Engineer: 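Just dropping this structure here.
The structure displayed is predicted, hence computed values, not measured ones.
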Amino acid sequence: MDAYDEGSRARHLPDGPDGSLPEGPASTDPTPDSTPSTDQESTDQESAPQQPASKAPTAQAPDALAPDPQAPTADPPVPTPTPTGIASLPLRSQVVAALALAVVAVVACVHLGMVFLHVAPSNTVTKQHGRAIDDWIYPEFEQNWKLFAPNPLQQNIDVQVRAQVRGADGAITETGWYDLSALDGAAIDGNLLPSHTQQNELRRAWDFYIGTHDNENRPVGLRGDLSQRYLRRIVVLRLDREGAGGKGAVVEGVQVRSRTTNVPPPKWSEEKVSDTPVLRELPWWTVPEEDVTDARTEASAG
């Protein structure tokens, strides 16, 4: 035993027979830093669960590549809104558009004010500026209450016209009667969106004339001459549109008449009305050159 022990200690000396490096001084008391024994290692390996090789932990990326959750992030750029409408136009166009809108607003306000003063009861403003109000309203914007009258209109009124025309050869001829109201009625019939001109222009012009003239066709008041010129211009325009007298003919004079027929009452009514038409002929009017020129200009523009 002593020889074995000495031999065992001799192997741990610096000049031991196996030539291994010297170990630290042997200690009989184990310390926490001492290496566990072989038996203990084998026991720990048996008790530890075995992990498959495929589930081995992968290498982690370096800390330099990992984003710092606490690092401040840059705000996304705020998109600049694209201007629309008038703001998208150049400065000069914006000024022109603003002026146009201002003019339209002023005209609309003036028109509404004129219509209000026209239908309002007589007051200081209408007494002092009645002529200006009438010139603005008549004849295109006239207001009336016939729709709400106790006895609405129960007559059909046809406005007809004939003309004296000078042909290309210089001869003066007289045309037949053109039923302008029937032409407007044919244009309206079956039209889902008839124009205001087709429905009201001729009818209102005739009402304007009748309201400013007596039964002898003499003007009453200051608007008699205006209503006559207005009706004459309309019929000249319509004759030019219908090609009265043929190509190249010039209208020299016109005569207008109305043909009034009572609307027959319903079958269940005991009312009796005459079905005989009533004619009212106006005198011949000489057509000035300016009316012919204006009629042709409006016809070509339409």
Side-chain angles (χ1 to χ4, degrees), residues 138-140 142 144-147 149-165 172-191 194-221 223-246 249 251-267 269-288 291-292 295 298-299:
Y138 292 105
E140 287 84 359
E142 182 182 0
N144 61 76
W145 301 96
K146 291 182 179 180
L147 178 64
N151 296 315
L153 293 176
Q154 299 178 358
Q155 297 174 328
N156 288 325
I157 302 176
D158 291 339
V159 179
Q160 303 171 351
V161 62
R162 62 180 177 179
Q164 292 177 346
V165 296
I172 301 296
T173 59
E174 184 177 303
T175 67
W177 289 99
Y178 288 85
D179 194 338
L180 303 181
S181 297
L183 294 174
D184 286 344
I188 295 172
D189 189 19
N191 189 353
S195 68
H196 178 75
T197 301
Q198 294 171 339
Q199 298 179 80
N200 299 315
E201 182 185 52
L202 182 63
R203 178 180 61 84
R204 298 302 301 136
W206 179 254
D207 289 345
F208 184 28
Y209 180 87
I210 295 300
T212 55
H213 289 75
D214 58 15
N215 293 332
E216 301 297 329
N217 299 318
R218 293 174 298 190
V220 178
R223 294 180 295 158
D225 182 65
L226 174 63
S227 63
Q228 177 178 325
R229 288 188 286 112
Y230 181 64
L231 179 61
R232 186 183 65 216
R233 281 175 173 260
I234 290 178
V235 298
V236 170
L237 175 62
R238 298 293 297 273
L239 288 171
D240 186 80
R241 188 184 305 171
E242 297 297 326
V251 178
E252 296 285 344
V254 294
Q255 184 182 25
V256 182
R257 75 176 183 183
S258 66
R259 184 175 184 272
T260 304
T261 307
N262 292 322
V263 176
K267 296 179 179 180
S269 175
E270 297 179 356
E271 183 181 3
K272 303 296 182 180
V273 295
S274 174
D275 56 356
T276 303
V278 178
L279 299 178
R280 178 177 178 175
E281 291 188 358
L282 306 184
W284 282 91
W285 294 334
T286 302
V287 178
D291 285 3
V292 178
E298 294 183 16

Engineer: Taking atom types as modelled and ignoring hydrogens, do the side chains of Gln160 and Trp177 form a donor-acceptor contact shorter than 3.5 angstrom?
Structural biologist: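 No, Trp177 and Gln160 have no side-chain donor paired with an acceptor closer than 3.5 Å.
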
Engineer: Could you tell me the separation between the OG1 atom of Thr197 and the CG atom of Asp184, rounded to the nearest 0.5 Å?
Structural biologist: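 Rounded to the nearest 0.5 Å, the OG1-CG separation comes to 9.0 Å.
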
Engineer: Apply side-chain hydrogen bond (donor to acceptor under 3.5 Å, both in side chains) to Tyr138 and list each qualifying residue two or more places apart in sequence or on a separate chain.
Structural biologist: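 Counting only residues at least two positions away or on another chain, Tyr138 forms a side-chain hydrogen bond (donor to acceptor under 3.5 Å, both in side chains) with Arg223.
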
Engineer: Work out which heavy atom in Gly245 is nearest to a heavy atom in Val165; give both atom names and the distance.
Structural biologist: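 That would be CA-CG2, 3.7 Å.
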
Engineer: Given 3.5 Å as the limit, does a donor-acceptor pair link the side chain of Ser269 with the main chain of Pro265, or not?
Structural biologist: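 Answer holds: no.
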
Engineer: Shortest non-hydrogen contact from Gly224 to Pro219?
Structural biologist: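 Looking at all heavy atoms of both residues, the closest pair is CA-CB, 3.8 Å.
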
Engineer: Under 3.5 Å, is there a donor-acceptor pair between the Asn217 and Arg280 side chains?
Structural biologist: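 Per modelled atom types, Asn217 and Arg280 side chains form a pair under 3.5 Å.
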
Engineer: Does any non-hydrogen side-chain atom of Thr260 lie less than 4.5 Å from one of Asn156?
Structural biologist: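 In short, these two side chains do not touch, never coming nearer than 4.5 Å.
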
Engineer: Which atom names give the shortest non-hydrogen contact between Arg162 and Gly176, and what distance separates them?
Structural biologist: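 Reported closest heavy-atom pair: CB-O, 3.4 Å.
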
Engineer: Could you tell me whether the side chain of Ser181 and the main chain of Val159 form a donor-acceptor pair under 3.5 Å?
Structural biologist: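 Indeed, once roles are kept as given, a pair shorter than 3.5 Å links the two residues.
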
Engineer: Any side-chain heavy-atom pair from Val251 and Asp240 closer than 4.5 angstrom?
Structural biologist: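 No; the side chains remain at least 4.5 Å from each other.
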
Engineer: CD1 of Ile188 to CG of Leu183: how many Å apart, nearest 0.5 Å?
Structural biologist: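 The distance works out to 11.0 Å.
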
Engineer: Does some side-chain heavy atom of Gln228 sit less than 4.5 Å from a side-chain heavy atom of Tyr209?
Structural biologist: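 Result yes, sub-4.5 Å side-chain heavy-atom pair found.
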
Engineer: Check the pair Asp158 / Arg203 against salt bridge (charged side-chain N to carboxylate O under 4.0 Å, His left out), numbers first and verdict last.
Structural biologist: CA-CA 9 Å; Asp158 291 339; Arg203 178 180 61 84; over 6 Å; no

Engineer: Evaluate the criterion side chain to side chain contact (heavy atoms under 4.5 Å, CB included) for residue pair His213 and Arg218; output intermediate values, then yes/no.
Structural biologist: CA-CA 5 Å; His213 289 75; Arg218 293 174 298 190; 5.7 Å; no

Engineer: Report yes or no: does Gln199 contribute a side-chain atom to a donor-acceptor pair with the main-chain N or O of Ser195 at less than 3.5 Å?
Structural biologist: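 The answer is yes, because a donor-acceptor pair under 3.5 Å joins these two groups.
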
Engineer: Taking the side chain as everything from C-beta on, heavy atoms only, tell me whether Gln255 gets closer than 4.5 Å to Glu281.
Structural biologist: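 With C-beta onward as the side chain, the pair touches.
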
Engineer: Hey, could you give me the CH2/CD distance between Trp206 and Glu201, rounded to the nearest 0.5 Å?
Structural biologist: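 Going from the CH2 atom of Trp206 to the CD atom of Glu201 covers 15.5 Å.
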
Engineer: Test of understanding: with side-chain hydrogen bond (donor to acceptor under 3.5 Å, both in side chains), list the residues that count as partners of Gln155, not counting sequence neighbours.
Structural biologist: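 So Gln155 forms a side-chain hydrogen bond (donor to acceptor under 3.5 Å, both in side chains) with Asn262.
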
Engineer: For Arg204, is there any backbone N or O sitting under 3.5 Å from a side-chain donor or acceptor partner on Asn200?
Structural biologist: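 No: the side chain of Asn200 does not pair with the backbone of Arg204.
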
Engineer: With rounding to the nearest 0.5 Å, note down the distance linking CZ in Arg257 to CG in Asp179.
Structural biologist: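 Reported to 0.5 Å precision, the distance equals 8.5 Å.
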
Engineer: Looking at OG1 of Thr286 and CD of Gln164, how far apart are the two atoms once the value is rounded to the nearest 0.5 Å?
Structural biologist: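 So the gap between those two atoms works out to 8.5 Å.
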
Engineer: How long is the span from the CZ atom in Phe208 to the OG atom in Ser227, to the nearest 0.5 Å?
Structural biologist: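 So the gap between those two atoms works out to 5.0 Å.
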
Engineer: Over all heavy atoms of both residues, which pair between Asp275 and Thr261 is shortest? Give the atoms and the distance, please.
Structural biologist: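 Closest pair (atom of Asp275, atom of Thr261, distance): O-CG2, 4.3 Å.
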
Engineer: I'd like to check Trp285 versus Val256 (side-chain heavy atoms, cut-off strictly below 4.5 Å). Are they in contact?
Structural biologist: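 Touching, per the 4.5 Å side-chain cut-off.
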
Engineer: Check Gly253 against Val287 and note the closest heavy-atom contact, atom names and distance.
Structural biologist: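 Between these two residues, the closest heavy atoms are CA-CG2, 3.9 Å.
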
Engineer: Could you check whether any side-chain heavy atom of Ile172 comes within less than 4.5 Å of a side-chain heavy atom of Glu252, counting everything from C-beta outward?
Structural biologist: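 A side-chain contact under 4.5 Å exists here.
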
Engineer: Using the side-chain hydrogen bond (donor to acceptor under 3.5 Å, both in side chains) criterion, which residues pair with Asn215? Sequence neighbours excluded.
Structural biologist: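 With neighbours one apart ignored, the set is empty.
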
Engineer: Is there side-chain contact between Thr212 and Val220, with at least one heavy-atom pair below 4.5 Å?
Structural biologist: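 The answer is no; the side chains never approach within 4.5 Å.
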
